[in-house]
Every structure is written in structure tokens, then in C-alpha cells.
Enquirer: 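Mind looking over this structure? Questions follow.
Starting from 1, each residue takes its place in the sequence as its number. When a ligand or atom number is given, it counts from 1 through the structure's own listing order.
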Amino acid sequence: MTGWTLRRRLVVLVAAMVVVLAGAMGTVSTLALRGSLVDRLDDTLRAASERVLGAEDRPRAGSAPSDETDLPPWEADGPLGEPPPGLDVRGQAVGTVTVSIRDGEVVAGRIDAEGQVQALSDAAVATLRALDPAAGPTTVELGELGTYRALATTTSSGDLVVTGVSAQDVEGTVTSYLVVELLVTIAGVAAAVVVGGALVRRELRPLERVASTAAHVAAAPLARGEVAPVARVPTVDTDPRTEVGQVGSALNRLLDHVEAALGARHASETQVRQFVADASHELRTPLASIRGYAELVRRMRSEVPDDVLVAMGRVEAESERMTRLVEDMLLLARLDAGRDLERAPVDLSLLAADAVTDAHVAGPDHRWHLDVPAPDDDVPPTVVRGDEHRLRQVLVNLLANARVHTPPGTTVVASVRRDDGDVVLTVRDDGPGIAPELVPHLFRRFTRGDEARSPRSGSTGLGLAIVDAVVGAHGGTIAVTSAHGVTQFVVRLPVTPVQGHERAPSADGHA
Ligand SMILES: Nc1ncnc2c1ncn2[C@@H]1O[C@H](COP(=O)(O)OP(=O)(O)OP(=O)(O)O)[C@@H](O)[C@H]1O
Ligand SMILES: [Mg+2]
């Protein structure tokens with residue numbers, strides 16, 4: 001029964017119970033019926049036996065018919081020879097048999113349906129003769145005559161007389177009773193399945209409602225961010241006096257706790273994000289001072305010893321690196337907070353052209369190519385609604401990666417094209433590619449390749465995380481494929497951002 005629904009199990013159990021009960025009741029009542037029928041038959045048998053014994057004591061063969069008999073007189077020279085005693089007596093039922101043994105001579109007969117006395121087969125005589133006078137009424141099988149109740153007695157003169165009456169009626173009655181019993185049981189089982197099924201379904205409905213609430217909550221997005229209020233089990237299904245009510249109210253308590261925990265998680269996430277944003281923001285001013293003083297020392301080149309100049313040069317470089325890191329962290333914190341983006345038309349082709357020009361200057365040893373639709377082409381524009389400053393950063397970060405993480409001489413192609421409702425930006429290079437174990441985590445914060453980890457590279461590992469966050473905030477997607485010789489980042493931005501794709505602005509946005 002594993003894997004069965006509760007409903008099916010209950011219905012099958014109820015049906016099985018009906019079968020067992022009907023079987024037990026049927027057995028008991030059949031035995032009782034048969035017992036009482038056999039008792040009555042035994043009374044008849046005893047009466048028949050008395051009559052036979054009475055006849056035994058009367059004079060026999062050739063005697064005149066008695067007053068009591070309606071039967072034709074026994075013909076002493078008939079085929080049966082000596083007439084069997086007691087069969088010709090009034091009141092003997094059709095089918096009654098007798099066997100009498102007097103002085104070793106066996107006389108036997110049976111009353112047939114016409115009231116005539118017929119001979120008994122040898123086998124029947126043998127069966128009846130074998131009966132014990134002390135045993136009382138006994139059930140015997142008399143071959144084609146069927147089942148009989150028979151009683152053996154001894155006459156006053158010590159002779160054995162056996163009388164039998166047919167038990168066929170008893171058997172027939174019991175059989176038809178059993179048939180009725182069986183039909184009633186089948187009807188009972190059918191009723192149990194139909195009515196029981198309907199009742200069980202009705203009784204399980206509250207449980208289904210509780211289960212559907214649980215399923216509803218399970219399907220809700222609870223993994224991150226601010227979680228909308230979760231559904232509860234309706235009050236009718238939370239009555240603690242019922243089993244289902246106990247489950248329902250326990251589930252509701254659980255959901256209360258879950259909701260409280262999710263609220264607390266969101267609050268602490270918000271706090272951390274706020275802290276990062278505040279800290280980054282606060283770090284900008286002292287960093288600017290450090291940079292300023294370092295620059296000041298550099299200007300006083302002639303008055304400062306050389307080694308101090310070198311040290312101050314390092315201070316300036318590191319403070320610039322730290323400024324970039326702080327700016328990146330601040331930007332990510334703001335994107336996390338879902339601050340409203342600017343929504344202005346931005347032509348990605350123009351942005352790409354600018355970015356490639358800048359990359360050319362920054363990396364003169366690389367080969368830079370731009371592939372955008374010509375302005376006079378009769379093609380849909382590559383304009384999206386978005387935040388120009390941040391989209392520019394997407395391009396700058398991708399091109400910077402193609403410059404920094406590839407050797408000189410690498411060819412980099414930036415292309416922009418329109419694809420239905422999307423503008424697709426692709427940055428492809430033929431450099432050595434990204435380590436495969438890095439690819440699945442590429443858009444996570446602080447993911448860097450081994451080379452980028454060296455302090456001199458100036459990498460922070462935030463570049464692609466920012467790209468991903470900006471693209472996500474515009475309702476777009478980013479995908480990467482990388483092998484030796486082909487590394488390609490594909491950014492898809494919807495021309496008009498789909499509502500709901502954007503991150504919901506939250507109250508903790510920090511300027
Ligand atoms: N075009 C590329 N070719 C080879 N490796 C790349 C390429 N782009 C990115 N990577 C690998 O992915 C890592 C993560 O890139 P990401 O831009 O996020 O960080 P970063 O460039 O190391 O640091 P940041 O951009 O913050 O200065 C890099 O460290 C580098 O190993
Ligand atoms: Mg980078």
C-alpha cells in the first residue's frame with residue numbers, strides 16, 4: 001500500500017472491513033441456521049424412527065393392512081420379498097429409508113415421490129448398517145439419494161433398525177441462504193467503496209486546503225531580498241480540536257516564524273549593504289587627501305630624497321587602486337539596493353565607439369575592432385532606455401578585461417547589433433581564454449584568475465560583478481563562452497526594459 005493516497009487506503013480498509021464483518025456474520029448465521037434446521041430434521045427423524053419401531057413390534061408378512069395405513073398392502077411375494085417395517089405407516093415422509101436386521105436377515109426400503117416403497121442399493125444399505133446405535137442422529141451420504149440424517153436403534157428384542165430422512169431440504173436452504181449472503185456482501189462492498197470514497201473525499205478536503213497552502217508557500221520566492229507576506233492556512237482549518245486543525249495551526253505558527261526570520265534576514269542584509277555603502281562613501285574623502293598629499297610630495301621632487309619619492313609614488317598608486325575599489329564597492333552596494341536607474345535613450349553603438357577609442361589609447365599593443373551598424377543603414381537603431389554612465393561602465397569593464405587579461409597582439413572585437421526587441425553587445429577576443437574552473441563563478445564578487453591576484457595587476461575581481469549587476473538592473477542578461485583563442489561576452493539588453501525585470505527599488509537606497 002506504499003505510494004497509495006490516504007483516500008484510497010481508507011476506502012480499501014473500509015471495504016476490507018465490510019468483507020471481514022460480512023464473512024464472520026455470514027459464517028455464524030449460516031451455522032446457526034443449519035443447526036436449527038438439523039435439530040428440526042432430527043425431531044422428524046426421531047418421530048419416523050418411533051413409527052418404524054412401533055411397526056416392528058406388529059405381526060409381519062402377509063398380515064392384513066393395518067387401520068393406520070393408506071398405503072397399498074405389501075405383497076409378500078413381490079420383488080422385494082419381506083416388506084421393510086414402518087415404511088407403510090401413515091405420516092412417513094417421502095424419501096424416508098429404513099433398514100432392519102432381524103435374525104441376520106436384512107430388510108430395507110425407501111418411500112419414493114409417488115409414495116411407493118422402493119428397494120435400497122447395497123451400498124446405501126451397507127452405509128446405514130454400519131451406524132452405531134449409541135451415536136444418535138448422524139449425517140450420511142447415500143450415493144445418488146444424497147445427504148441423509150439417519151438414526152440407528154435397537155428394538156426390544158435386540159434387533160438393529162436404522163431409519164433415515166432426507167437432509168436435501170436443509171442443504172438447499174443453507175445453500176440459497178449463502179447465495180443471498182454473498183450477494184448482500186458484494187452490494188455492501190460496492191456501497192462501501194462508493195459512499196466511503198465520497199465521505200473520505202469530503203473529510204479530507206480540509207487537509208487538501210492545508211497542503212495547498214504549504215505548496216503555495218513553497219513555490220514563493222523566499223531565497224533572497226524582501227519577501228512578500230506568505231499565505232496562511234484559512235481559519236476554518238486551524239481548529240485545534242481536529243487533527244487537520246492541529247496541522248493547520250502548526251503550519252501557521254511555522255509560517256509566522258519563517259516570515260519573522262525572513263524579515264530579520266532582510267533587515268540584516270539591508271544593514272550590511274548600508275554599512276558597505278556608508279563605509280565606501282566615508283573612505284572617499286580620506287583617500288582623496290592621501291592622493292593629494294602624495295601628489296604634493298611628487299611636485300616637490302627636488303627637495304625630497306629619492307627613496308622617499310619612490311615610497312610616495314607607491315602610496316599614490318595604492319591609494320588610486322583603493323579609490324577604484326571603494327568606488328566599485330559603492331556602486332555595487334547601490335545596485336544591490338536597487339536604486340532607481342536613470343532612464344534615458346542610450347545608443348550602445350556610440351558608447352562602443354567611444355570605449356573602443358579609449359581602449360586603443362590604453363592598450364596600443366592590442367588590435368581593436370568595432371563592428372556596429374552604419375548610421376545611414378536602414379536598420380533599427382541600437383538604442384536602449386537606460387543609465388548611460390553605467391552602461392558605459394559595462395563596456396569599459398569588458399574591454400579592460402580583454403586588454404588586461406590577454407597578451408599584447410590580441411585582437412579584440414566589440415560589436416553591437418539589433419536582435420528583435422534586444423540590442424546585443426558582444427566583446428570577443430582571441431586571447432588565451434578564461435580558466436574553466438573560473439567560468440561558473442565569473443560574475444561573483446572578488447572572482448579573479450591566478451595572474452590577476454598578483455598585487456601588481458591592480459585587479460579587484462569586481463569588474464564582471466558590476467557588469468552583471470548593471471545588466472541585471474536594465475532587465476538584460478549576460479553570457480560568457482571561453483576557449484583558447486575565443487573568449488566572448490554577450491550582453492543582451494531589451495530596448496524597452498520589461499517591468500518587473502528591473503530590481504525593485506527598496507527604501508534603503510543610499511545616495
Ligand atoms: N577576456 C578575458 N580573457 C581572459 N581572462 C579573463 C577575461 N575576462 C575576465 N577574465 C578573468 O576573469 C577574472 C574576473 O574578471 P573581473 O573583471 O571580474 O575582475 P578583474 O578583471 O580581475 O578585476 P577588476 O576588473 O575588478 O579590476 C579575471 O581576473 C580574469 O582572470
Ligand atoms: Mg576586470
Enquirer: Determine whether the side chains of T411 and H369 contain a donor N or O and an acceptor N or O closer than 3.5 Å.
Expert: no
Enquirer: Of all the non-hydrogen atoms in the protein, which one sits nearest to atom 9 (C) of ligand 1, and at what distance?
Expert: N401 ND2, 3.6 Å
Enquirer: Ligand 1 and T406, any nitrogen or oxygen pair closer than 3.5 angstrom?
Expert: no
Enquirer: What's the shortest distance from atom 29 (O) of ligand 1 to any protein heavy atom, and which residue and atom give it?
Expert: G449 N, 2.9 Å
Enquirer: At a 4.0 Å cut-off, with the gap strictly under it, does some heavy atom of N397 reach an atom of ligand 1?
Expert: no
Enquirer: Considering non-hydrogen atoms only, spot the tightest contact between R445 and A465 and give its length.
Expert: CG-CB, 3.7 Å
Enquirer: Quick one: nearest non-hydrogen protein atom to atom 26 (O) of ligand 1, plus distance?
Expert: T460 OG1, 2.5 Å
Enquirer: Just going by heavy-atom distances, which of G461, P432, G433, G463 is nearest to atom 4 (C) of ligand 1?
Expert: G433
Enquirer: Between R392 and H389, do the side chains contain an N or O donor and an N or O acceptor separated by less than 3.5 Å?
Expert: no
Enquirer: Ligand 1 versus L438, non-hydrogen atoms closer than 4.0 Å: side chain, backbone, both, neither?
Expert: side chain
Enquirer: Polar-atom distance check: R324 versus ligand 1, any N or O pair below 3.5 Å?
Expert: no
Enquirer: Between T138 and Y148, do the side chains contain a donor N or O and an acceptor N or O under 3.5 Å apart?
Expert: no
Enquirer: Please walk me through it: do E320 and R324 pass salt bridge (Lys or Arg N to Asp or Glu O under 4.0 Å)?
Expert: CA-CA 6 Å; E320 268 164 20; R324 256 189 295 121; over 6 Å; no
Enquirer: Looking only at distance, does D429 have an N or O less than 3.5 Å from an N or O of ligand 1?
Expert: yes
Enquirer: Please determine which of V356, V427, D430 meets the side chain to side chain contact (heavy atoms under 4.5 Å, CB included) test together with V412.
Expert: V427
Enquirer: Give a yes-or-no answer on whether the side chains of Q488 and T481 include a donor-acceptor pair shorter than 3.5 Å.
Expert: no
Enquirer: Among L325, T487, L462, I434, which residue places a heavy atom closest to atom 11 (C) of ligand 1?
Expert: I434
Enquirer: Any idea which heavy atoms bring V424 and V490 closest together, and the distance?
Expert: CG1-CG1, 3.6 Å
Enquirer: Suppose I only count heavy atoms of L442 and a 4.0 Å limit; which atoms of ligand 1 are within that range?
Expert: 12 (O)
Enquirer: Would you say the side chains of T323 and R291 form a donor-acceptor pair under 3.5 Å?
Expert: yes
Enquirer: Ion pair present between R205 and E208, side-chain N to carboxylate O less than 4.0 angstrom?
Expert: no
Enquirer: Can you find a side-chain donor-acceptor pair between T487 and S482 that sits under 3.5 Å?
Expert: yes
Enquirer: Minimum heavy-atom separation for E259 and V230, please, with both atom names.
Expert: OE2-N, 2.8 Å
Enquirer: Please examine the side chains of L348 and V383, heavy atoms only from C-beta on, and report whether any two atoms are closer than 4.5 Å.
Expert: no
Enquirer: To check your reading of the model: name the closest protein heavy atom to atom 14 (C) of ligand 1, its residue, and the distance in Å.
Expert: T447 O, 3.1 Å
Enquirer: Among all protein heavy atoms, pick the one closest to atom 10 (N) of ligand 1 and tell me residue, atom and distance.
Expert: H405 CD2, 3.8 Å
Enquirer: Can you list the atoms of ligand 1 that are under 4.0 Å from a heavy atom of L464?
Expert: 15 (O), 16 (P), 17 (O), 18 (O)
Enquirer: Which protein N, O or S atoms lie under 2.8 Å from the Mg ion (ligand 2)?
Expert: N401 OD1
